[in-house]
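Right, one structure below, let's go through it.
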Amino acid sequence: MTKRQKKDTNSLEVWLNRRSPPRKVDNIRDSFNEKQKNPYKKIDYKRVLNLEQQKVVSNLTGNMLVKSGAGTGKTRVITYSVARLLEMGAEPSEIMLVTFTNKAAKEMINRVKELLGVMPVGITAGTFHSIAHRVFLKRFKKKIKFENYTIMNTSQTNDFIDMCIDDACNNELLTNEAYANIDPEEEDEIFKDIKDSYPTANAIRQIISARVNCNKTLKNVIQWKFQEYGAQFDQIYEIANRYTNKKMKKFMFDFDDLLFFWNRLLDDADVKEFAKKFKYILVDEYQDTNYIQDEIIQKLSKLNEEHCLLAVGDDAQSIYAFRGADFRNFLNFKDNFENVEEFTISINYRSSPEILALANDSINHNKFQFPKEMKPNKPGLHKPRLIIAKNNYKLVDYLVEKVKNVHANGIPYEKIAILFRALKGDKPEIQHYHRLIFNLTKEDIPYEVRGGQTFFEKMHIRDILAFLRFRYDPKGMFAKKYFARIATKYIEGLGKTNSDKIYDEIIIKSKAPFDVISNPLSLTRKIDLLKHKGVFNRRPPVHNIVRIMKILLSLKGTVGDMIKALIQRKVIYNVFEGKYKEKEQEQDFEKKINDIKLLIEMTTRFRTLGEFLNHLSLNESEYDQNRTINEKESRLVISTIHRAKGLEWNTVFMPMLTDGFFPDYLSLKRQEDLEEERRIFYVAVTRTEEDLYLASAELDDDGNENALSQFVDELNKKLYEKIYIDD
């Protein structure tokens, strides 16, 4: 044995014979075992949460109601509660986190990951609708007898209802004796007159939705929220029945169906057994739940005797009654759930004391609420300002100049917002919004608008989606509409009348429609035969139809690949280039191309076209209309108050505070509507960190006197500084 070998052996023997103190070995083993049992980082809750928040997080058992003021950290309470449950030994699969946007759910889960150092894989998180679809309906689709349903978004639902209205109008033309001997040339005009007698598809959709979500009869819904349609009840009743029957036959679900079937499934023994695993249910924004959502939570919470239901909300921020939200679910929580423990978090970390004083004073005028008062955490600054201008022209000039001054004093544009009650409609006040936009553009102030047209409502995005949806299902419920859109915009020489005939006589009647309409010989034969029968007066442009359909048929690969092919093969790009190639339009052209790049980016995580389209139906309303690729420019935000909820800015301007606009004159008829309008005002005020400018004009554009909004007029005059602008 060499010296080296001997030395190594001795060293090995020494190492093997070395004894560590027993206590130290035990500590290492205990530490290892503890790490296996609880892999999460320790959180010092006393350091990171205030006493009100700690009280919630340290009592996670039974039914809990957390009354949270604006800016008091309710999202923080929810995320730390999830972390605390996991620390205490809860399995991720036992936790359900319900939010009102999927984006909020994702952000909360990522925050929990940061807190614990481990991604809590297995937590069920998302909106009521997405959880209904992903977790319950897909798993138990045989129980609802709709195994291959397609989800309609709001736009598609409106189209579907419009089809039902057309069916009803055609039926009246055929069956009403008054139209028995009319001249065929008059049919179109009579059909239009009949259709004009019906409410719009959008109005009927809202009425049907309220019926489901608020658990009321159609008649009660109309008497409650839609009195203006009382005389048209019979028409609405007929369309509602047609819509319900037709969508079920076609396996089409709207958003309300997702909740309806989830609620019904929770009465099934097998589904109850599955749902028992959700021992810990956390619901954000409980004041925005509707009747059916509240009932779902009640059913889930009763499946486990040992459970935790954490309902967090602020009744003062309930502003979605038009969607069926009922803040009384929050106010009556103690009546609907057993042994409820109440908590209040009231320390506001967002706004100055002066802004909170004004917000508290405003909301105290509401009768139906949980009385509470937000407490400031920030030092005092200065009072909010009430700007009174002689007229709207001077008011807009002042606002634009003030925005420039605030920015010059070091506040980035993205920390400044101008909040409007609404950005749509034909009221005179809306013109002031357009005037503001004009002045901002003139002064080269960058801005983005939130609350008008959404990203997926943009014409070029709708065009691309029409191609994809028609390619996915050429015989689907809305395929005729998509084909007409493709034909009239992208197939030269083909108008809507002939595109509808091609769809009705060729596509819908063919077993393999793409094989027919992408083959020039077969398409020519079909068209010539139909022309001989008198269907066509002239031959449609076969070559142009075939070119586009061949491209559609060839679309393969990922969804992004399909979109790229539409651009690369000059289907989409040529139209944009032709319309926007002029020098002054180049910026619009680039924006549209960037929008398409963003759409491609959105598709990357979906394996199939069908998966992407179903996801889109569930989530498109959450995508911001102004998102663009690599957009780093700081921009002033112009937004509706509804779109601003949950956000915050250093400086907020609230223009057009006149009675009839804000509050809306319709809300003056009922106390509950007026109180909702006041809650909207409260939400706007509490978006502000430091500077708040309330603004109105004495005279309207016609020189008539404006009445100052009663929401301002009723405030304690000591809570704001009044500034009059005349020059």
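For the single chain, residues carry numbers from 1 onward in sequence order. Both backbone and side-chain heavy atoms feed into the values below; hydrogens, waters and symmetry mates do not.
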Lys NZ or Arg CZ of Arg435 over Tyr393 ring: under 6.0 Å, within 45°: yes
What residues form a side chain to side chain contact (heavy atoms under 4.5 Å, CB included) with [X], not counting sequence neighbours?
X      : answer
Lys334 : Val340, Glu342
Thr688 : Ile355, Val652, Leu692
Ile222 : Ile207, Phe233, Ile236
Ala389 : Lys394, Leu395, Ile725

Hey, can you tell me if Phe337 and Phe333 have their rings parallel, tilted or perpendicular (30° and 60° cut-offs)? parallel
Do [X] and [Y] make a side-chain contact, defined as non-hydrogen atoms from C-beta onward lying under 4.5 Å apart?
X      : Y      : result
Tyr413 : Val637 : no
Thr651 : Lys415 : no
Val312 : Leu65  : no
Phe160 : Phe478 : yes
Ile638 : Phe420 : yes
Leu173 : Ile190 : yes
Trp224 : Lys216 : yes
Leu259 : Phe255 : no

Does any N or O in the side chain of [X] come within less than 3.5 Å of the main-chain N or O of [Y], such that one atom is a donor and the other an acceptor?
X      : Y      : value
Thr99  : Thr101 : yes
Asn176 : Glu172 : no
Ser696 : Leu657 : yes
Glu107 : Ala104 : no
Thr686 : Val683 : yes
Thr72  : Ser68  : no

Do [X] and [Y] pair up side chain to side chain, a donor and an acceptor below 3.5 Å, judged on atom types alone?
X      : Y      : value
Ser130 : Asn102 : yes
Asn439 : Asp397 : yes
Thr289 : Asn329 : yes

Does Arg242 have more than 12 heavy atoms from other residues, nucleotides or ligands lying within 6.0 Å of its CZ? yes
Taking atom CD of Glu705 as the centre, does the number of heavy atoms from other residues, nucleotides or ligands within less than 6.0 Å exceed 12? no
Report the C-alpha separation of Asp326 and Asn290 in whole Å, then their side-chain angles, then the decisive distance to 0.1 Å, and conclude whether the side-chain hydrogen bond (donor to acceptor under 3.5 Å, both in side chains) test is met. CA-CA 5 Å; Asp326 190 347; Asn290 59 40; over 6 Å; no
Who pairs with Glu648 by salt bridge (Lys or Arg N to Asp or Glu O under 4.0 Å), at least two apart in sequence or on another chain? Arg350
With the threshold set at 4.0 Å, does a side-chain nitrogen-carboxylate oxygen contact exist between [X] and [Y]?
X      : Y      : answer
Asp167 : Lys246 : yes
Lys225 : Asp673 : yes
Glu443 : Lys404 : yes
Arg485 : Asp463 : yes
Arg670 : Glu676 : no
Lys383 : Glu354 : no
Asp361 : Lys717 : no
Asp664 : Lys669 : no
Asp315 : Arg679 : no

Smallest separation among heavy atoms of [X] and [Y], with atom names:
X      : Y      : answer
Cys169 : Tyr198 : SG-CE1, 3.8 Å
Pro663 : Ser709 : CD-OG, 3.6 Å
Ala240 : Arg211 : CB-NH1, 4.2 Å
Gln232 : Ser197 : NE2-O, 2.8 Å
Ala316 : Ile363 : CB-CG1, 3.8 Å
Ser639 : Arg643 : OG-CB, 3.5 Å

If the condition is ring pair (Phe, Tyr, Trp, His ring centres under 6.0 Å), which residues does [X] pass it with, not counting sequence neighbours?
X      : value
Phe711 : Phe662, Phe681
His642 : Tyr320, Phe322
Trp649 : none

So, using side-chain hydrogen bond (donor to acceptor under 3.5 Å, both in side chains) as the criterion, who are the partners of Gln671 when residues are at least two apart? Glu675
Could you walk me through whether Lys67 and Asp314 pass the salt bridge (Lys or Arg N to Asp or Glu O under 4.0 Å) test, one step at a time? CA-CA 6 Å; Lys67 295 179 284 189; Asp314 180 6; over 6 Å; no
Which ring-ring contact (aromatic ring centres under 6.0 Å, His included) pairs, counting each pair once, include a residue from residues 349-371, with sequence neighbours left out? Phe330-Phe370
Which residue pairs pass the ring-ring contact (aromatic ring centres under 6.0 Å, His included) test when at least one of the two sits in residues 682-705, sequence neighbours left out? Phe653-Tyr693
Going through the checks in order, is the side-chain contact (heavy atoms from CB on, under 4.5 Å) test met by Arg450 and Leu647? CA-CA 12 Å; Arg450 301 175 184 175; Leu647 304 176; 3.4 Å; yes
side-chain hydrogen bond (donor to acceptor under 3.5 Å, both in side chains) contacts touching residues 253-263 (sequence neighbours left out): Ser209-Asp256, Asn213-Asp256, Tyr243-Asp254, Lys247-Asp254, Lys247-Asp257, Asn263-Glu295, Asn263-Lys299
Between Glu285 and Lys74, is a side-chain contact (heavy atoms from CB on, under 4.5 Å) present by the stated rule, with each step listed? CA-CA 9 Å; Glu285 307 283 14; Lys74 67 176 181 59; 3.1 Å; yes
Check against side-chain hydrogen bond (donor to acceptor under 3.5 Å, both in side chains), Asn220 and Thr217: CA-CA 5 Å; Asn220 286 342; Thr217 66; 3.1 Å; yes
